[in-house]
**Student:** 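The structure that follows is given in the form of structure tokens.
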Amino acid sequence: MAIETATKTLTMVQAVREAMLEEMRLDDTVCILGEDVGPRGGVFLCTEGLYAEFGPDRVIDTPLSEAGILGGALGMAMNGLRPIAEIQFIDFLFPGYDQLYSEIAKIRYRSAGMFKAPMVIRGPYGGGVRGGVYHSQSPEELFAHIPGLKVVVPSNPYDAKGLLISAIRDEDPVVFLEPKRIYRGVKNEVPEGAYTVPIGKAKVVREGSDATLISYGAMLHVALEAADRLAAEGKNVEVIDLRSLVPYDGETILTSVKKTGHAVVVVEAPKLGSFANEISAYIAEKAIEYLEGPIIRVASIDTSVPYNLEKYYLPDADRIVKATKKTLEF
Amino acid sequence: MAAPFKPFTDSPIAYVDNDGNPVAKMKSAFSDDDLKRLYRLMVLCRAIDDRGYIMVRQGRAGFLAQTAGQEASQIGSAFTLEKKDWVFTTHRELGAALTKGMTPGQLLAHVLGKDLDPSKGRNMPSHYGDGELNIVTPSSVVGNKTPAAVGVAMAATIRKSGQVAMCYMGDGATSEGDTLAAFNFAGVFNAPAVFALQNNQYAISIDVKHQTKSRTFAEKASAFGFDGYLVDGNDVIACAEVSKFAIDKARSGGGPTLIEFLTYRYGPHSSADDDSRYRKKEEIELWRNTRDPIMRMRKYLTKQGLLDDASEAKMQEEIKHVVEQGLTEAEASPLPAPETVFDHAYATLLPHQIDEKIEIFGHA
Ligand SMILES: Cc1ncc(C[n+]2csc(CCOP(=O)(O)OP(=O)(O)O)c2C)c(N)n1
């Protein structure tokens, strides 16, 4: 259909807000619950104005309990609603982790499909905002490892809106992680109205033939910065935005790696046990004969996130450039 | 133990009214010197808090959760703790940390993330801790420190160390399951713990009516089999008296106590908050102008003949000097060395961390 859609330049926060707004207008079973999501509009303003439009039955300010929010959302999902549970910072999901791990993720399986949890668990995550130990973490692998949950991480406003709408419409629980470091810094053109970006499809955001950089979320932008610097030295790298961790798009990864023969996986979480391991192992299993150098993981160091020394903790373009050269020069 | 006040009252226990007059029959056992020390600590706390706020505005600190308005409850509750006692802070306990013995230099170094901060700038500002003083460096996770505070108290009983654990929390923290687990343990094990609950009436934008259907927070203790006291949290004498009673009771084997301090924070939740979205300016002004804990104590001391303009001016001068000196120490302190980023993840570096350290710094 050749209908021209109007677009607006939005930030990630605005795109997330629009996705919820559109879906709430289209489907009155969609509701939001969380801390300060009502008149305050969320501490990052992702729900600004929604309370005024939809009222306290659909934009629910809760007491300070993540177990209550997550378990409550599960009950609402089982009983005909499509709740979006906002976790104020993903670091604070853990008082409710049991609800996610034991209940939300497993209800469909343990009941042989009699009960389901069509719900979204969303919130800001990640570092680079001087947030210290508890406002900076990237625990995505702790969600990705749980069978029954989907995990999505947008890197820009367009994807954020489309992916969040897909997540809200999904029949399974989706953990939707918003990289707060680029909440306001990264903007792009976002169509008005509802549209979807499919969960499980990666995107080649920069084409190249020498090596493949695979990343997601805020680190995608650091990977792109590294790609620019490598290009200045004549090295042409391809950059893939994974967008979904569960399910992940193995095909796009393999197509690229078979072409370039080199893979560098960039994540913001501490390296040991990170999602980079899953991607690296997948490439090794499926395409080792195409590789011309080691698969290299670039990740944060294996400590908690320090407030004052964060720049030594987080991956930066330098580390990515170095890693890429290492595999290229193998 | 006979106390001049009762648990589970409907109105807050007070010794001094807003105009600085003694409340009938409530006679403090604290010496004149103690009362003056309480007052001085509150003024000093406010001055350090203001300093921290200036640092945020200057862009030298990334965050601050201000204490202003809550000095009486924090200082009164910590006032009679012994050095060996334990303190569990949350994200706002400048007054408790100061009273337990952290210096202005350390407190301001913490705000700047400097080496002089006993926690070495690992945390965001407003997360005070000091191992020397058994002040446990807090996480930012609301409500999750309470069980460990009870564990510390249980260990004190088992080891017969005579220590008490003072555990701070906000009204919001009472909604977390960990808090309720801790209350239950404290009751069952008769732990020498005091829960200092500062009800500043908001958890960010959520007011107490949306936090609990209980009439008071203090009454929650009754479900766990111990006493809860509702105290005027802006009356530093009442705060110190009830806390002393609870601390003494815990130390002598009487078990846990919950104290609800009814108070108010003047600033937004933190430097990242915009409180105009959820509360009225008039409400803030009402508390600041008519119920301020420092103003109330000044009036009281003046009426009791313990303070006059000259001694007040002298104290203000002294505090200005102490804060300036603390600031100088904090500024002179270096940032921790980059390589220390790996320290204390474990007791010793693990092999994979050694690899990472070499990758980043070129040496192990
Ligand atoms: C488990 C958890 N959930 C959410 C947050 C975000 N948060 C930080 S402070 C706060 C409100 C805390 O209220 P209260 O316990 O009353 O203490 P106050 O800040 O008023 O001193 C919230 C929701 C958090 N830090 N931890």
Side-chain angles (χ1 to χ4, degrees), chain A residues 34-45 48 56 60-69 71 88-89 91-96 98-99 129-136 270-273 298-313 315-316 318-319 322-323 326, chain B residues 61-63 91 112-115 117 119-125 127 137-144 170-178 203-206 210-212 269-270 272-275 277-278 335-346 350 352-353 355-357 359-361:
Chain A
E35 294 153 10
D36 306 289
V37 298
R40 178 68 179 77
V43 296
F44 287 99
L45 300 181
E48 188 176 24
I60 305 167
D61 258 339
T62 69
L64 210 172
S65 167
E66 290 70 20
I69 294 167
Q88 201 162 83
F89 286 80
D91 314 63
F92 303 138
L93 179 140
F94 295 91
D98 179 59
Q99 291 297 325
V129 297
R130 298 177 84 191
V133 186
Y134 299 94
H135 294 79
S136 309
K271 190 186 282 177
L272 197 149
V298 180
S300 286
I301 63 172
D302 280 293
T303 68
S304 298
V305 191
Y307 170 71
N308 56 357
L309 298 174
E310 196 180 6
K311 71 171 167 173
Y312 303 101
Y313 170 90
D316 57 17
D318 264 354
R319 265 144 87 175
K322 241 163 94 183
K326 193 170 162 191
Chain B
F63 177 88
H91 52 272
L112 293 174
K114 297 290 197 74
D115 202 54
D117 170 17
S119 304
K120 304 293 174 201
R122 284 281 151 83
N123 260 315
M124 280 171 119
H127 293 64
T137 307
S139 75
S140 309
V141 186
V142 167
N144 73 347
D171 40 283
T174 61
S175 295
E176 290 286 3
D178 285 3
I204 308 187
S205 74
I206 306 300
H210 292 86
Q211 198 63 251
T212 184
H269 169 73
S270 74
D273 184 31
D274 169 10
D275 59 341
R277 289 176 180 269
Y278 56 83
L335 277 176
E339 287 86 348
T340 64
V341 71
F342 283 96
D343 294 356
H344 309 300
Y346 299 90
L350 301 188
H352 67 283
Q353 294 179 304
D355 286 349
E356 290 170 354
K357 197 167 176 184
E359 188 192 323
I360 290 167
F361 296 114

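Because the structure is a prediction, the values reported are computed rather than measured. A note on names: the letters A, B, ... follow the listed sequences, proteins ahead of strands, and every chain is numbered from 1.
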**Student:** Among the options A/Leu309, A/Val305, A/Asp36, pick out the one with the most heavy-atom pairs lying under 4.5 Å from chain B.
**Tutor:**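 Greatest number of close heavy-atom pairs with chain B: A/Asp36.
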**Student:** With the side chain counted from C-beta on, respond yes when A/Tyr307 and B/Asn123 share a heavy-atom pair under 4.5 Å apart, and no when they do not.
**Tutor:** no
**Student:** For chain A, which of B/Ala337, B/Ala203, B/Pro336, B/Gly177 has the most heavy-atom pairs under 4.5 Å?
**Tutor:**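 Between B/Ala337, B/Ala203, B/Pro336, B/Gly177, the count favours B/Pro336.
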**Student:** Can you name the closest pair of heavy atoms from B/Glu359 and A/Lys271 and give their distance?
**Tutor:**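 Between these two residues, the closest heavy atoms are OE1-NZ, 3.9 Å.
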**Student:** Check each atom of B/Val142 against the heavy atoms of chain A and say whether the ones under 4.5 Å are side chain, backbone, both or neither.
**Tutor:**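 When you check distances to chain A, only side chain atoms of B/Val142 fall under 4.5 Å.
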**Student:** With chain A as the partner, which of B/Ser205, B/Gly62, B/Ser140 has the greatest number of non-hydrogen pairs under 4.5 Å?
**Tutor:**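 The candidate making the most pairs under 4.5 Å is B/Ser140.
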**Student:** Give, for atom CG of A/Asn308 and atom OG1 of B/Thr340, the distance between the pair rounded to the nearest 0.5 Å.
**Tutor:**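 Going from CG on A/Asn308 over to OG1 on B/Thr340, the span is 7.0 Å.
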**Student:** According to salt bridge (charged side-chain N to carboxylate O under 4.0 Å, His left out), who are the partners of B/Lys357, at least two apart in sequence or on a separate chain?
**Tutor:** none
**Student:** Return the option, out of A/Phe94, A/Tyr312, A/Phe89, with the maximum number of heavy-atom pairs under 4.5 Å with chain B.
**Tutor:** A/Tyr312
**Student:** Pick whichever of A/Val133, A/Asp302, A/Asp91, A/Leu272 has the most heavy-atom pairs under 4.5 Å with chain B.
**Tutor:** A/Asp302
**Student:** Most heavy-atom pairs under 4.5 angstrom with chain B, which of A/Leu45, A/Val129, A/Asp318?
**Tutor:** A/Leu45
**Student:** About how many Å separate OH of A/Tyr134 and CG of B/Asn144, when rounded to the nearest 0.5 Å?
**Tutor:**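 Rounded to the nearest 0.5 Å, the CG-OH separation comes out at 7.0 Å.
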**Student:** Listed by chain and number, what are the salt bridge (charged side-chain N to carboxylate O under 4.0 Å, His left out) partners of B/Asp274, not counting sequence neighbours?
**Tutor:** B/Arg277
**Student:** Is A/Ser136 close to chain B through its backbone or its side chain, or both, or neither, when contacts mean heavy atoms under 4.5 Å?
**Tutor:**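 No part of A/Ser136 comes within 4.5 Å of chain B.
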**Student:** What closest approach, in Å, do A/Pro63 and B/His210 show between heavy atoms, and which atom pair accounts for it?
**Tutor:**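 Taking every non-hydrogen atom into account, CG-O, 3.6 Å.
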**Student:** Answer yes or no: is there a side-chain heavy-atom contact under 4.5 Å between B/Asp178 and A/Pro95?
**Tutor:** no
**Student:** Can you find a heavy atom in the side chain of B/Ile206 that is under 4.5 Å from one in the side chain of A/Leu64?
**Tutor:** no
**Student:** Tell me which one of B/Gln353, B/Glu356, B/His352 satisfies side chain to side chain contact (heavy atoms under 4.5 Å, CB included) with A/Ile301.
**Tutor:**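 Single pass found, and it is B/Glu356.
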**Student:** Do you know which two heavy atoms are closest between A/Thr303 and B/Ala345, and how far apart they sit?
**Tutor:** CG2-CB, 4.0 Å
**Student:** Output the option from A/Pro306, A/Gly38, A/Pro270, A/Ala299 having the highest count of non-hydrogen pairs under 4.5 Å with chain B.
**Tutor:** A/Pro306
**Student:** Name the option with the most non-hydrogen atom pairs under 4.5 Å to chain B; the candidates are A/Glu310, A/Lys311, A/Glu48.
**Tutor:** A/Glu48
**Student:** Under a 4.5 Å heavy-atom cut-off, does chain A meet the side chain of B/Tyr278, its backbone, both or neither?
**Tutor:**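 Side chain of B/Tyr278 only, per the 4.5 Å heavy-atom cut-off to chain A.
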**Student:** Give the member of B/Ser175, B/Gly113, B/Gly143 that has the highest number of heavy-atom pairs under 4.5 Å with chain A.
**Tutor:** B/Ser175
**Student:** For chain A, which candidate among B/Arg122, B/Glu176, B/His344, B/Gln211 shows the most heavy-atom pairs at distances under 4.5 Å?
**Tutor:**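 Option with the greatest count: B/Glu176.
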**Student:** Where does B/Ile360 contact chain A at under 4.5 Å (heavy atoms): side chain, backbone, both or neither?
**Tutor:**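 Side chain only.
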